[in-house]
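Encoded as structure tokens, the structure appears first; notes follow it.
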There are 2 protein chains.
Amino acid sequence: MKNNIFMSLYKDYAEQIDTGALRPGSKLPSENELAEAYQISRETVRKGLNLLAQNGYINKVKGKGSFVLDTGRLKFPISGLVSYKELSERLGKKSRTLVYATERVPAGGDIAKELRIEANQPVWKVIRSREIDGERIILDIDYLLAEIIPNLTKDIAADSIYQYLEQELLLKISYAEKVISVERATNMDHQYMDLKDDTHVVVVRGYVHLEDTTLFQYTESRHRLDKFQFVDFARRISRVEA
Amino acid sequence: MKNNIFMSLYKDYAEQIDTGALRPGSKLPSENELAEAYQISRETVRKGLNLLAQNGYINKVKGKGSFVLDTGRLKFPISGLVSYKELSERLGKKSRTLVYATERVPAGGDIAKELRIEANQPVWKVIRSREIDGERIILDIDYLLAEIIPNLTKDIAADSIYQYLEQELLLKISYAEKVISVERATNMDHQYMDLKDDTHVVVVRGYVHLEDTTLFQYTESRHRLDKFQFVDFARRISRVEA
DNA sequence: GAGTGGTCTAGACCACGAA
DNA sequence: TCGTGGTCTAGACCACTCG
């Protein structure tokens, strides 16, 4: 049970903007007014507002104020570290997860290299495809360190692995590196996805770390070309003279 | 001339990590020690360290300290709002920009819609391809509001438009939305890129805004499939009970 | 218990925008 | 000039890690 004040403020406004209660272009109360209204200090208000700005909810302009951005125009950002379950819940699409494998195996050479472990160390190998509107358009292949995750079931894989890790095992997922590229479709792609006559797929490789920087998961998320979209929100870091 | 203290601290450590002077895994001085060393308050130290953490340089662990992450293993992050010139400088690749057009034209219907302006309003249309190791692998098509950018030359387009906008026109570039997808290659793609027999290209659409939220630039960055790579660093937002 | 990072406060001064 | 957000300070208490 956390009770960060600035997180409450963040959530208040994120929700108001998500639901459309606050229209794009409208002006937020000033930082001083918010500090007064929430009965908190201005620096705490600023933490909440900065989080909103980082996530593309608002734009802050010196001397003028903070303004709601048009978030609805673009689809939801897939950037960031969000699980498929969390994402599909936000999108409200009817989707289904098909679990083809949830097995504990010794890591092969390729996987050991990606996870930076010794070959033959035990890992969980999970193969799932995501079906949306009746078509299997994503193939997720996950490898998780068995040393850290003692048990894993098909049921967990069908629901949400992250939820299990965070809420049951109390693991602290911290950060991930992702690499997106386009590659030739493999036999496995054709087997587990409805690919039609595509020759290529989009591959999103993910390297997920715990708080202590342990690399505990390597993921290949393979997407059908015509259904792939990645949305990114980027702020320009103020350039200062070198 | 800015002199943010926390930015100096950020740059000090970013450079040390970039150059390898600080090895991955090594521990930074504690926040109190840094505050003492820089003769600044701890909150200011924290701003600098948080920026390092956001950009994937370090990992902060409560009760333990801040640790340098392994940034070199993955190529440079292309995420964020960075111009091609800034990027190629960091990569140190021999690359060349070919400018095919820098012209002021009335916006066509499609472009007007992307830029959310009236049709036929004047825009700058810039067509450039990026040649790396002798192959043209990126085609950039930019549309910029002529209302905001009165003048634009081939020389500027060959160098860096962003540099011109920020340093000459003193425009404040604030944020951008980017959408990555894969689409069929057009005739133009074949004309301005060395595509071989590819049927598709990766398209990165960018919508760039000024500080006052004006949408002033729409960009299509079209990449050859086999040369495209997008690297993203993501931190998991701490989940709090709803 | 000592040291770490996470949060929060109540002030202060500044640069910028608008009236 | 006045209100805005940007930066900074010097403290405080907390939760966490580790010896």
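Note on naming: letters A, B, ... go to the chains in the order of the sequence lines (proteins, then strands), and numbering restarts at 1 for each one.
- The distance from atom NZ of A:K27 to atom C1' of C:dG17 is 11 Å, rounded to the nearest whole Å.
- Contact annotation: A:S66 reaches the phosphate of D:dG5 (side-chain N/O to OP1 or OP2, under 4.0 Å).
- Rounded to an integer number of Å, the gap from B:L34 CG to D:dA10 C1' is 17 Å.
- Of the candidate nucleotides D:dT4, C:dT4, C:dT7, C:dT4 has the atom nearest to the side chain of B:N32.
- Taking A:Y143 as the reference, nothing meets the ring pair (Phe, Tyr, Trp, His ring centres under 6.0 Å) condition, with sequence neighbours excluded.
- In this structure, A:E31 places its CD atom 17 Å from P of C:dC16, rounding to the nearest Å.
- For the pair B:K60 NZ and D:dT17 P, the computed distance is 16 Å after rounding to whole Å.
- Residues that satisfy the side-chain hydrogen bond (donor to acceptor under 3.5 Å, both in side chains) test with B:N151, not counting sequence neighbours, are absent from this structure.
- No donor-acceptor contact under 3.5 angstrom links the side chains of A:Y175 and A:E177, judged on distance only.
- Residue pairs meeting the salt bridge (Lys or Arg N to Asp or Glu O under 4.0 Å) criterion with at least one member in residues 50-64 of chain A, sequence neighbours excluded, are A:E31-A:K60.
- Atom pair A:I58:CD1 and D:dT4:C1' shows a separation of 13 Å (rounding to whole Å applied).
- The CG-C1' distance, from A:N4 to D:dC14, rounds to 12 Å in whole Å.
- One atom, NZ of B:K172, and another, P of D:dG6, lie 11 Å apart when rounded to the nearest Å.
- Listed by chain and number, the residues in a side-chain hydrogen bond (donor to acceptor under 3.5 Å, both in side chains) with A:Y10 are A:N55 (sequence neighbours excluded).
- Within residues 35-54 of chain A, the residues having any heavy atom closer than 4.0 Å to DNA chain D are, in order of number, A:R42, A:E43, A:R46.
- When the C1' atom of D:dT4 is taken as reference, atom CG of B:D212 falls 16 Å away, rounded to whole Å.
- Partner of B:I17 under the side-chain contact (heavy atoms from CB on, under 4.5 Å) criterion, chosen from B:I58, B:D70, B:L69, B:D12: B:I58.
- OP1 and OP2 of D:dG5 both lie 4.0 Å or more from every side-chain N or O belonging to A:K64.
- Remark: B:T214 engages B:D212 in a side-chain hydrogen bond (donor to acceptor under 3.5 Å, both in side chains) (not counting sequence neighbours).
- Heavy-atom distances to DNA chain C give each of B:E211 and B:K62 a nearest nucleotide, and the one nearer the 5′ end belongs to B:K62.
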